Novice: 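The structure follows.
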2 protein chains.
Amino acid sequence: MAGMKEVARHAGVSVSTVSNVINGRHQKMAVETLNRVNEAIRKLKFTPNSAARQLKTGQIKTLGLIVPSVANPFWGQVSHLIETAAQKRGYQVLICNAERDPVVEARYVESLFGSSIRGVILGSSPESFDYLKEYADKGMKIAAIDRDNEGTNGVIACSVSINQLVGSRLATRHLIGLGHKRIAFISGPIGTNSRVGRLAGMNSELEKAGITPDESLVWGGRNVSTFGDFRAAEIGRTAIRELLTLDNPPTAVLTVNDMYAIGACAGARELGYSVPEDISVIGFDDIMMAEVMQPPLTTIRQPVAQMSEIIVSKLIETLESTDEVIEPHVEVSAELIVRASTRQL
Amino acid sequence: MAGMKEVARHAGVSVSTVSNVINGRHQKMAVETLNRVNEAIRKLKFTPNSAARQLKTGQIKTLGLIVPSVANPFWGQVSHLIETAAQKRGYQVLICNAERDPVVEARYVESLFGSSIRGVILGSSPESFDYLKEYADKGMKIAAIDRDNEGTNGVIACSVSINQLVGSRLATRHLIGLGHKRIAFISGPIGTNSRVGRLAGMNSELEKAGITPDESLVWGGRNVSTFGDFRAAEIGRTAIRELLTLDNPPTAVLTVNDMYAIGACAGARELGYSVPEDISVIGFDDIMMAEVMQPPLTTIRQPVAQMSEIIVSKLIETLESTDEVIEPHVEVSAELIVRASTRQL
DNA sequence: ATAAAAAGGTGAAACGTTACACAAATCCCT
DNA sequence: AGGGATTTGTGTAACGTTTCACCTTTTTAT
């Protein structure tokens, strides 16, 4: 409530000087003056008014983070990690849940832009980011986690992800090595870059092993688009039901994330199948739950802590430096974590 | 980037008029003028600059939400629900992870206050809120979810929660009805209002059934205080290990939240016990995972959607109306959800 | 001794809104 | 016709910072 004016009066200097102190521009300042100002700041419990500062400078140290849903543990964890990483660098994070809906995402970006925020991290990975081009053109820097920056028409300023193909190849190879030939793929709508990539990775590995991919084994979330990620496990459950009642059911299933895998396990059990005796299940992400569930879930781990650090530092770099960011996309390694939900056929 | 000035010029009116339109003060305004202004707003894609508005009015439509950790699915879900509820009322939500650390919480509140935010929802429920009194005095309205407002020294403006005692009594009665007599209690540090209440509820129900509570059966998170909620399941796992290796181990366990229950199930299995055959486990919260895990978890459901709605509307009411809020604390009902992790002894 | 440069500070306009007191035009009543 | 009400709108001073040109005093070089 005390402003710079009072501080200035207390310290016997001008507001400009106070401003200089606050912003660390004291290279050319008598140390005695500096002390007096700091003293006054302390005594008056002065806190800079961020609205005024923002209005004046047109920018603030806040990043937007748009995720499908923080109610999904994977994104919950990522959100937390990103917040921590940003905070280390003096930035705050505004978390938004967009349910993978481009319209909602655009609305959020609009609102963030209106709040002078110029950096946003996207957790969804649509195939095209055209609906955000308008903001990119206006100066919004958009970062993507979980996809690369190819084919994004310049909308994505920087990105980090595992190599989706490699990830699902790892999973598929594991399953094939276990003797599985009929491998299903469970996903919500396959309309995102990462899902398309993971499916492609599975198919290519299948073919490499001389197995012809069976279209009827890929479950692509028909009629579930409204679920968002809010009831993610539900999708896995529905999917496995349909898959298991097929004439020629799969013996193993690869899901596009761990929540689906957890749902799939539950669904399989409800049908009287047991995991991994009757069907092997392999997830994707390696959320914390994966290790403690029953059976512990075999999965592909994404190094989320590392990814969060990288995307935050890249984005801030983009925001703060004028010259082009080198290496706009960085790829991190996925890792196969073998636990008990998969086994030899 | 177009400001009200341009809009005014385009519509041939003054900025005051534009301001009136934006703020819905068009009761006394020629409809034709109104249309002209709206048209100009649309054409210029004008978005009010929230920094300027905030600077001027000294307030913004943003709520702070401080949770232990959004990486914990329970709080992830609550965050999402609160965000949705706030949005319906035109408010944004700033989510902060404080790991139940009063120092971190106070720092967040300070920072929120510095951003002119005057309403904050606390997810933690310490026994005392004295460390926030300073901000309450300065005018910050603090709401609590998961505890009542008694003994908070006027710091808490409004609150919502289940009746903690009733919740754990429900659970305990269920266990006793199943024939259990040695019932353990698993919790992180029992230093929060809700945990104290839940333990008290269990003990009172035990006594009512003529069972003397056994101190050695309450596991209160010694040496795990640094965990925060980040690896919540780990706590349950550690706890059950110690409990099960006691000379006279429990036959049932009540955990203070579902994540601990999940960890406890995992830990029990690792020791060769199976749930519910060898030990019954009952959780608290009813997170989504509870239903799909194996075995499906018996638990006490908190009506989180309802709680979120209530706390948001109460807080906004507190913020917007001048007179005292009626019924500052509202209590919602906990519900016993019987699934498969508990059974007859 | 003098000019130039460096050091240490200052003044005031702007950023984009809001809100209040006031102005002009029109209407209504007696 | 006169005068108050009513309707519809406007001018402008803040809000609390930042920034940049500029001012004064001291130091240094010649």
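These values consider heavy atoms only, across backbone and side chains, with no hydrogens, waters or symmetry-generated copies. All values derive from a computational prediction rather than experimental measurement. Every chain is numbered from 1 and lettered A, B, ... according to where its sequence line falls, protein lines coming before strand lines.
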Novice: Is the closest basic N to carboxylate O distance between B/Arg36 and B/Glu39 below 4.0 Å?
Specialist: no
Novice: Is there a side-chain contact between B/Ser14 and the phosphate of D/dT10, meaning an N or O under 4.0 Å from OP1 or OP2?
Specialist: yes
Novice: Where each residue is assigned the nucleotide of DNA chain D containing its nearest heavy atom, which of B/Gln27 and B/Ala52 is assigned the position nearer the 5′ end?
Specialist: B/Gln27
Novice: Within this structure, what is the CZ-to-C1' distance between B/Arg25 and C/dA19, rounded to whole angstrom?
Specialist: 7 Å
Novice: I need the CD1-P distance between A/Ile41 and D/dG16, as an integer number of Å.
Specialist: 16 Å
Novice: Within less than 4.0 Å of OP1 or OP2 of D/dC15, is there a side-chain N or O belonging to B/Arg53?
Specialist: no
Novice: Taking the basic N atoms (NZ, or NE/NH1/NH2) and the acidic carboxylate oxygens, is any pair closer than 4.0 Å for A/Glu309 and A/Arg89?
Specialist: yes
Novice: Could you tell me the separation between the CG atom of A/Leu34 and the P atom of C/dA7, rounded to a whole number of Å?
Specialist: 17 Å
Novice: Can you tell me how far P of C/dG16 sits from CG of B/Leu44, to the nearest Å?
Specialist: 14 Å
Novice: Identify which nucleotide among C/dG9, D/dT19, D/dG16 has an atom closest to any side-chain atom of A/Leu55, counting heavy atoms from C-beta outward.
Specialist: D/dG16
Novice: So, does B/Asn97 use its side chain to make a donor-acceptor pair with the main chain of B/Val70 at under 3.5 Å?
Specialist: yes
Novice: When all nucleic acid strands are considered with a 4.0 Å heavy-atom cut-off, which category describes B/Met4: base, sugar-phosphate, or nothing?
Specialist: base
Novice: Using atom CG of B/Asn23 as one end and atom P of C/dC20 as the other, report the distance to the nearest whole Å.
Specialist: 12 Å
Novice: Are side-chain N/O atoms of B/Ser19 and B/Ser16 paired as donor and acceptor at under 3.5 Å?
Specialist: no
Novice: From the options C/dA7, D/dG16, D/dT19, select the nucleotide whose nearest atom is closest to the side chain of A/Lys28.
Specialist: C/dA7
Novice: Go through C/dG9, C/dA12, D/dC15 for me and flag the one nearest to the A/Thr17 side chain.
Specialist: C/dG9
Novice: How is A/Ser16 classified with respect to the nucleic acid when contacts are heavy atoms under 4.0 Å: base, sugar-phosphate, or nothing?
Specialist: base
Novice: A quick test of your reading: do over 12 heavy atoms of other residues, nucleotides or ligands sit less than 6.0 Å from NE2 of B/His329?
Specialist: yes
Novice: Look at the side-chain N and O atoms of B/Asn20 and state whether any lies under 4.0 Å from the OP1 or OP2 oxygen of D/dG9.
Specialist: no
Novice: For C/dC15, does OP1 or OP2 lie under 4.0 Å from any side-chain N or O of B/Asn49?
Specialist: no
Novice: Can you check the A/Arg9 CZ to C/dG11 C1' distance for me, whole Å?
Specialist: 18 Å
Novice: NA contact type, A/Ser116, heavy-atom cut-off 4.0 Å: base, sugar-phosphate, or nothing?
Specialist: nothing
Novice: Without swapping roles, check the side chain of A/Ser115 against the backbone of A/Ile117 for a donor-acceptor pair under 3.5 Å.
Specialist: no
Novice: With the side chain of A/Thr33 defined as its heavy atoms from C-beta on, choose the nearest nucleotide among C/dG9, D/dG11, C/dT17.
Specialist: C/dG9
Novice: What is the distance from CD1 of A/Ile22 to C1' of D/dT17, rounded to the nearest Å?
Specialist: 8 Å
Novice: D/dA14, D/dT18, D/dG16: which one has an atom nearest the side-chain heavy atoms of B/Lys56?
Specialist: D/dA14
Novice: Rounded to whole Å, how long is the line connecting atom NZ of B/Lys5 with atom C1' of D/dT12?
Specialist: 12 Å
